[in-house]
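Worksheet: the structure to be examined is printed underneath.
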Amino acid sequence: MTNNSNYLVEMRGIVKRFPTVVALNNVDFRVRQGEIHALLGENGAGKTTLMRILYGMYKPDAGEIIVEGRRVIIGSPRDALKMGIGMVHQHFMLVDKLTVLENIALFVEEGFRIGFDRIRSRVEELSKTYGLKIDLDAKIWQLSAGEQQKVEIVKTLYRNVKLLILDEPTSVLTPVESEELFKSLRKMVETGKSIILITHRLNEALMASDSITVLRKGRVVAAEVKPREASRLDLVNMIVGRPLEFRPSVDSFKKNGKPVLEVENLRVLDDRGLVAVKDVSFILREGEILGVAGVAGNGQRELVEALTGLRKVEKGIVKIMGVNVTNASPKNIIRLGVAHIPEDRFRYGVAPDLSVAENMVMKLYGEKFSRKIFIDSEAIRKETEKLVQEFEIVTPSVNAPVSLLSGGNIQKLIVARELSINPKILIASNPTSGLDVASTNYVHWVFHRLREAGGSVLLVSEDLDEVLALSNRILVMKEGKIVREFGEGASISEVGLAMTVGAA
Ligand SMILES: Nc1ncnc2c1ncn2[C@@H]1O[C@H](COP(=O)(O)OP(=O)(O)OP(=O)(O)O)[C@@H](O)[C@H]1O
Ligand SMILES: [Mg+2]
C-alpha cells in the first residue's frame, strides 16, 4: 500500500471513449487536500470530460477513482456531492426568473422544507467567510455573468464540498473580478478545501495555483508541476507541443484610411429599457484595428448589437461604407461585408443541433437554406473541411452536430466562419474567450492578416492584453460612454485605470 493520505482525490487509468474519439486515454490525475490545482490543455484535450467523470456526469470506460483513500463509484452528481465533490460549469444552470436565494434553495436538498430564513443566514455566513458578496433577493436575470458565477459557487459550497471544480471560471470575468475570485479561492484552500481550476490563461495557472497538470489529446503530458518551477514558455510547450508562431504587432497600420464604419451620437437601450449606450461617436478606418476596452456591462454588448442590426437604435446614425444602416436588418448589414463574432456563442453564434458543415456555411448560404433551393453539399463539405483543418477544429466529422464539440472548438468554428466570408469589417466581441493559447495566437494572426489586406476590425474585448497587443487605437467605454481614447503605445495600467475611473 502506498501512502497517499494527503491526496484528496486520485483518478487512475481513466479511459473515456465517445463514438468517434478517445477523449481520455489512460489518464492519471491527483489532487492534494488544500491546494488549487490548475488543469490545462488545448481545446478538446479532455479537461471537461475528465471533470465530468469526477462529478459523476459521465461513466468512465476504464479506470478507478479514489477519494480520501477509498475506491468509489461516482454514478451521478448527487453521489459526487455526497462525497464532497462539487462542480461549477461553464454554462450556468440557474433559473433566470427566480431570485438568488430561491436558486440556492432549489439546489439544497429539501431546501424548501428547511425554510428560506435558515438558508439565508447560512448563505450570508458563507458569503462572508469567503468574500463572495451577492444580493440574495436579486433575480438571476438581473445579474452579470460574474455575479451569477458567485451564486453558482455559493450554491455548491452550501453542500459542504471538500473539492470545488471550476470549468474556465475566469473566461466570463473581468480582471478585477478574477482577482476577487482568486482571493476567495485562497480562503477556501486555507480552510482545507481543494480547488480544481480549468483555465486557458497561463498567468492564472502560474500566479494562483499550487500545482499544474497538463492534458494533450486525452493524455497527461505533465503532472503536478510546481508553478514556481515553470515559465510561461514551458507551459506553452507542454500544452501545444511547439512554440507559438505569431507575435502580435501593431506596426502595419496606414494612418488616415477612409472611414468604413461611422457612428454618430448613438443611443441604445438595454433589455430593461435603460440607456446603455449614451451618445457614442467614433470612426473605424480602413486597415485599422480599433479596440474597445471596458469592464463588462458598460454598454459594449448593446453597442455591438446595434451595429450588427440585432438591437434597435434609439437615436443617432450608423454608416457602413458610407451607407446609412441605422436600424437596418442583420442580413443587409452582412451584405455590406460585415462579419460578427458574438459575445454569446449560443445565442447568436451557432445552432447546436445542426452539423459543423451547416453551421459553417450558414452565413454564406443562409438565404438558399431558408428557401430550400438546391445546395451543393459536396462544395460545402470541401469548404468546411478546409476551414476545420486551417483552424484545427477538433470534431469527429463535418457532419457531427456542433453540440458534441468542446467549448473552445465551437468558438473556433464561429471565428472560422466569420472570416471565411472575407469581411471588410469584422466586429468581434471577446473573440478568443475560451480559446487555448495556440488558437488565440492563430486568431490574432488572422486579425493581423485581415488588417494587412485592408480590412478593419472593431475589437471589443475584456482581455486588456489582447486589446493592447492588437489595436491601433483604443476606446475605453464606461457607463455607456466613450471616456478615453488611446493611441499606440498605451500602457496596461493607463487603460486599466480609465476603465475603472473613467476620464482623467
Ligand atoms: N458528449 C460527447 N459526445 C461526443 N464527443 C464528445 C462529447 N463530449 C466531448 N466530446 C469530445 O471529447 C473531446 C474532449 O472534449 P472536452 O470537452 O473534454 O475538451 P476540453 O479540454 O474541455 O476543451 P475546451 O478547452 O475547448 O473546453 C473532444 O474531441 C470533444 O469533441
Ligand atoms: Mg472544456
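Remember, it's a predicted structure, so these values are computed and weren't measured experimentally. Numbering of ligands and ligand atoms starts at 1, following listing order.
Remark: of the listed residues L164, L163, L157, I36, L157 is the sole one forming a side chain to side chain contact (heavy atoms under 4.5 Å, CB included) with K193. Residue M11 forms a side chain to side chain contact (heavy atoms under 4.5 Å, CB included) with just one option from V31, V27, I53, and that option is I53.
Each of the atoms 23 (O), 24 (P), 25 (O), 26 (O) of ligand 1 lies under 4.0 Å from some heavy atom of N43. With ligand atoms numbered from 1 in the order given, ligand 1 contributes 26 (O), 27 (O) to contacts under 4.0 Å with heavy atoms of G407. Residue G408 approaches ligand 1 through these ligand atoms, each under 4.0 Å from one of its heavy atoms: 24 (P), 26 (O). Remark: ligand 1 atoms within the under-4.0 Å shell around heavy atoms of Y58 are 1 (N), 8 (N). Per-residue contacts place V394 under 4.0 angstrom from the following atoms of ligand 1 (heavy atoms of the residue considered): 29 (O). Against a heavy-atom cut-off of under 4.0 Å, E168 is close to the following atoms of ligand 1: 25 (O), 27 (O).
Under 2.8 Å from the Mg ion (ligand 2) lies an N/O/S atom of T48, whether from backbone or side chain.
Ligand 1 has G46 within reach: a non-hydrogen atom of the residue lies less than 4.0 Å from it. Close to ligand 1: E42, with a non-hydrogen atom less than 4.0 angstrom away.
R449 CZ: more than 12 foreign heavy atoms inside a 6.0 Å radius.
Distance from atom 25 (O) of ligand 1 to its nearest protein heavy atom, with residue and atom name: K47 NZ, 2.7 Å. The protein non-hydrogen atom at the shortest distance from atom 9 (C) of ligand 1 is F18 CE1, 3.4 Å. For atom 28 (C) of ligand 1, the nearest non-hydrogen atom of the protein is G44 O, 3.9 Å.
Of the options I410, L405, L215, T49, the smallest heavy-atom separation from atom 15 (O) of ligand 1 is shown by T49. When the heavy-atom distances from atom 30 (C) of ligand 1 to N409, L404, V21 are ranked, the shortest goes to L404. With atom 22 (O) of ligand 1 as the reference point, the heavy atom nearest to it among L435, T48, D167, L24 is part of T48.
The two residues G291 and V467 make their nearest non-hydrogen contact at CA-CG1, 4.2 Å.
Between T213 and H37, the side chains place a donor N or O and an acceptor N or O closer than 3.5 Å (distance only, hydrogens not considered). No hydrogens or angles considered: nothing links the side chains of S420 and E383 as a donor-acceptor pair under 3.5 Å. K412 and S439 are linked by a side-chain donor-acceptor pair at a separation below 3.5 angstrom, with hydrogens and angles left out of the test.
On a distance-only criterion, A23 and ligand 1 share no N/O pair closer than 3.5 Å.
Listed by chain and residue number, nothing satisfies the side chain to side chain donor-acceptor pair (under 3.5 Å) test with S178 (two or more places apart in sequence, or in another chain).
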Test salt bridge (charged side-chain N to carboxylate O under 4.0 Å, His left out) applied to E152 and K155, step by step: CA-CA 5 Å; E152 289 282 14; K155 191 178 101 174; 2.9 Å; yes
When you look at D135 and K150, which way does the salt bridge (charged side-chain N to carboxylate O under 4.0 Å, His left out) test go after all the steps? CA-CA 10 Å; D135 176 358; K150 284 190 207 166; over 6 Å; no
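With a 4.0 Å heavy-atom cut-off, ligand 1 is reached by the side chain of H200 but not by its N, CA, C or O.
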